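What follows is a set of notes on a single structure, which appears directly below.
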Amino acid sequence: MNEKLEKYESKMEKTMASLDAELAGIRAGRANPNVLNKIMVEYYGVPTPLQQVANVSVPEPRMIQIQPWEKSMIKEITKAIQTSDLGINPTNDGSSIRLVFPELTEERRKELAKDVKKKGEAAKVALRNIRRDGNDSFKKLKGSEVSEDEIKDLEDDLQKMTDKYVKKVDAAVEVKTKEVMTV
């Protein structure tokens, strides 16, 4: 691949990775430990990701169990989960914390599906912005050692790359929407 295109490919790859991470954080009826990725816990005065202070497991399809490595962390973890936007009340038995995910209502599923589509659209906009930046930088090459035909080829290749990533976004959104809408 042309080295002028490589930096745009890596930016598009990062956009795709970001979308995948966002979609993994959307809960779809069953327990998914990825919903806890953004939760930070005060650990000796330092905000620390939940996964670094506890063992997270999924013993049942709609339950996440959090086993802190230090019993003193139970209160902090419970507080962090309650203040997050998860919308789930943690229950603790003194040694571990359980999160029971309620069955999603039809209305909530539709809301989540809209959210998935919105995130997909934002990713497509980001991809198009990367394409625009690439095309602008290629146009600046005019008059230098690069011919107009080469610039046209670069723009065509960048468009093909953009189309490829837009298809990937559409596929990821479709998979997540199906996952959210299935009961």
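Not measured: the values here are computed from a predicted model.
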For residues 43-60, dump all side-chain donor-acceptor pairs below 3.5 Å to protein atoms at least two apart in sequence or in another chain.
from	atom 1	to	atom 2	distance (Å)
Y43	OH	E70	OE2	2.6
Y44	OH	E70	OE1	3.1
T48	OG1	V46	O	2.9
Q51	NE2	N37	OD1	3.0

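Of the possible donor and acceptor atoms, none in the side chain of Q82 sits under 3.5 Å from a partner among the backbone N and O of N89. Listed for the T78 side chain is a donor-acceptor partner under 3.5 Å among the backbone atoms of I74.
Sorted pairs that involve residues 105-128 and meet ring pair (Phe, Tyr, Trp, His ring centres under 6.0 Å), not counting sequence neighbours, are lacking altogether.
Looking at heavy atoms from C-beta onward, K152 lies out of side-chain contact with F138 at the 4.5 angstrom threshold. In this structure the side chain of E179 reaches within 4.5 angstrom of the side chain of K176, judged on heavy atoms. In this structure, the side chains of T162 and V166 come closer than 4.5 Å at one or more pairs of heavy atoms.
Looking at residues two or more places apart in sequence or on another chain, you find a side-chain contact (heavy atoms from CB on, under 4.5 Å) between K178 and E174.
Between the side chains of R132 and N129, at least one donor N or O lies within less than 3.5 Å of an accepting N or O.
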Going through the checks in order, is the side-chain contact (heavy atoms from CB on, under 4.5 Å) test met by T15 and Y165? CA-CA 9 Å; T15 299; Y165 279 96; over 6 Å; no

Residue pair M181, E106: steps toward the side-chain contact (heavy atoms from CB on, under 4.5 Å) verdict: CA-CA 8 Å; M181 292 309 284; E106 188 64 28; 3.7 Å; yes

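Residues L23 and V173 come closest through the heavy atom pair CD1-N, 4.4 Å.
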